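Only one structure is covered here, and it is reproduced in the block below.
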Amino acid sequence: MSGAGGKRWLCAAVMAALALQWCAVRWDFNRYYLGVAVDAGINVILAVSLNLINGHTGQFSLGHAGFMAVGGYTAAKLTLVLGGGCPSWAQPALFLGGLLCGGMLAALVGLAVGLPTLRLRGDYLAIVTLGFGEIIRVVFQNSEFFGAATGLTGIPNWTHLGWTCGFAALTVYAILSVVDSTYGRGFPAVRDNEVAAAASGINPVRYKVSAFVVGAFFAGVAGGLYAHHKTVLNPTGFDFLKSIDIVVMVILGGMGRTAGVVAAAVLLTLLPELLRGFAEYRMILYALLIILLMLLRPQGLFNFGPSTRA
Amino acid sequence: MTEFAQQLLNGLALGSIYALIALGYTMVYGVLRFINFAHSDVLMLGAFAAFYLAAATPHMAAATPLLHAGMVVLGAALICAVLGALIERLAYRPLRDRPRITVLITAIGVSLLIEYTCQHPAVFGAATRSFPQLFPQHNLTLGGLTLSSNDLAVLGITALLLALLWFVVQKTKLGVAMRAVAFNPQAASLMGVDVGRIISVTFALGSALAAVAGIAYALRAPGIEPLMGVQPGIKAFIAAVLGGIGNLPGAVLGGLLLGLIETFAGGLKQLSNYRDAIAFALLIIILILRPAGLLGREQPEKV
């Protein structure tokens with residue numbers, strides 16, 4: 001994607017998101033559908049950002065929910081503390097600030113998680129990221145400041161379609177720009193062959209750590225959006241299973257295929273809603289889907305290009 | 001001092017359960033190089049198998065309790081051995097030559113499938129059930145120490161199983177074949193080892209150990225439910241990595257270490273809420289210092 005065309009595309013997407021929001025308010029769209037659409041947008045951000053780490057850079061992170069938790073709790077706490085005396089015209093600014101702070105803090109945690117990649121790879125890395133995710137959850141669960149096991153409640157409901165789609169577009173744009181830049185060619189190089197990349201003057205550690213930092217930032221923003229969408233935050237919502245959900249979206253879409261991952265994120269948000277009638281069998285079907293997918297189409301449902309090493 | 005000894009004993013009992021589970025992870029990793037996430041669910045199935053076996057034979061429990069306990073444990077181990085081999089045959093064998101990440105995700109899928117299926121009301125249901133006391137309960141007091149007969153039985157059974165496993169792996173033809181497959185599957189198959197069969201046997205052995213561990217865990221826990229395997233499963237996995245995954249003595253060492261650390265940390269008031277986090281923090285520190293685990297050998301990267 002060339003720079004100018006990309007910017008135009010991004011502007012169009014953000015405008016479309018805002019227009020959609022305006023329509024939603026103007027004609028009073030069904031709240032349930034709006035909620036599902038916001039969920040889909042948040043999942044797109046999560047999946048696309050994880051795709052940078054797992055897909056483009058070839059690392060295996062199982063701790064994305066942890067980054068999301070950091071961003072969500074930070075943003076929610078900020079708006080809860082500062083939101084009371086905040087005039088309504090300043091609310092969007094406060095919300096944006098909270099989201100960015102959450103993203104920033106998540107990026108910092110991402111740096112801490114990314115550093116062990118200096119020495120670990122494959123399964124070991126997967127388990128360390130899983131461990132970091134669980135540690136983050138346990139810390140939130142035990143900290144009185146963040147409401148301990150009950151979590152945070154009464155978070156203002158500020159996330160609407162405009163915010164979510166805007167940030168989803170921004171995430172897709174940012175990740176695509178990073179990966180398609182001259183600098184970004186290093187990510188697939190590290191994935192395909194670390195030794196060869198290092199021999200060509202690419203510093204694998206730098207690429208791996210920056211993938212974690214950038215991925216964590218957007219996961220943190222997604223966490224903030226999630227917090228202000230659900231209005232309740234609970235540490236159990238950010239457990240290992242949440243991370244698995246995001247990993248499945250990336251795999252379903254095809255590792256390193258942004259368009260496919262976006263489609264998979266939307267599909268996997270809609271699927272449970274469509275299966276609501278079979279609530280008892282819903283999760284069983286979900287598990288079966290993962291297994292069948294791996295048996296029949298391990299490169300991802302929406303991956304039609306030449307095979308990349310996953 | 002007595003409190004220290006008491007905690008030591010509790011830690012060893014918990015640690016030996018972790019060690020039994022960790023052996024299954026490490027054996028499978030040795031031959032197939034992937035983390036069998038479904039192992040924690042085999043453990044849960046073992047506990048449930050024992051639950052139903054015990055419920056089906058009330059007369060025997062009254063007449064000969066020890067024999068009954070032995071039969072229940074053996075039965076559950078046998079059922080799980082078959083299940084473990086079956087999981088391998090259906091889910092993992094078709095993926096033998098695929099990238100490891102594919103197999104890993106499949107393993108997570110299998111684990112979720114077992115958990116959600118068992119939670120369905122028509123199978124076990126999500127509610128917690130109380131587990132029968134298989135062994136007659138006695139508390140021995142020894143100079144201020146309280147030894148529960150359950151803990152002693154767990155320690156004894158673990159020691160016995162470890163000795164048995166060591167014998168099988170080191171002294172029998174099957175063990176030689178297992179080690180050969182772990183060392184180099186291609187070369188092993190050229191030497192006439194039936195690699196597929198060895199992998200099945202490895203799964204069966206690991207699953208049988210998991211079933212025993214599941215029963216031991218259920219005896220200490222308030223009850224059994226379909227998600228009971230998740231926590232001990234993750235802990236045992238940490239133990240396996242801690243000791244150096246693929247390394248059998250390492251798994252035992254890691255399990256005992258983790259059990260002790262968890263028990264001692266749980267004994268301190270300030271730390272008791274962070275028990276689970278401590279296990280992971282320890283894992284991360286050890287992996288950063290020694291990426292191949294405590295007893296694992298680091299493999300140089302080949303170009």
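What you are looking at is a predicted structure, and each value in this text was computed from that prediction instead of being measured. Per chain, numbering begins at 1; letters A, B, ... match sequence-line order.
Contact tally against chain B (heavy-atom pairs below 4.5 Å) for A:Val139, A:Val128, A:Ile135, A:Asn142: the top residue is A:Asn142. Counting heavy-atom pairs closer than 4.5 Å to chain B, the top residue among A:Leu288, A:Leu292, A:Ile284, A:Ile290 is A:Ile284. Between chain B and the options A:Ile127, A:Val247, A:Asn54, A:Ile251, the largest number of non-hydrogen pairs under 4.5 Å is found for A:Ile127.
B:Leu287 touches chain A through backbone and side chain together, each having a heavy atom under 4.5 Å away. If you measure heavy-atom distances from B:Tyr29 to chain A, the contacts under 4.5 Å come from the side chain alone. Residue B:Leu283 touches chain A through its side chain alone, counting heavy-atom pairs closer than 4.5 Å. Contact annotation for A:Val248: neither backbone nor side-chain heavy atoms come within less than 4.5 Å of a heavy atom of chain B. Heavy-atom distances place both the backbone and the side chain of A:Leu295 under 4.5 Å from chain B. Interface remark: B:Leu289 contributes backbone atoms only to the contact with chain A (heavy atom separation under 4.5 Å). Contact of B:Ile238 with chain A is not made at all, since no heavy-atom distance falls under 4.5 Å. Only the side chain of A:Leu241 has a heavy atom closer than 4.5 Å to any heavy atom of chain B. Only the side chain of A:Phe240 has a heavy atom closer than 4.5 Å to any heavy atom of chain B.
Counted within 6.0 Å of CZ on B:Phe183, heavy atoms from surrounding residues, nucleotides or ligands total 12 or fewer; the atom is thus considered open. For B:Arg93, the CZ atom counts as densely surrounded, since its 6.0 Å shell holds more than 12 non-hydrogen atoms of other residues, nucleotides or ligands.
With contacts defined as side-chain heavy-atom distances shorter than 4.5 Å, the pair A:Ile291/A:Met294 does not qualify.
Between the side chains of A:Arg137 and A:Thr236, no donor N or O sits under 3.5 Å from an acceptor N or O. A donor atom on one side chain and an acceptor atom on the other are not found under 3.5 Å apart for A:Thr269 and A:Asp39.
Test B:Phe37, B:Phe34, B:Phe237 against B:Tyr25 for ring pair (Phe, Tyr, Trp, His ring centres under 6.0 Å) and you get one pass: B:Phe237.
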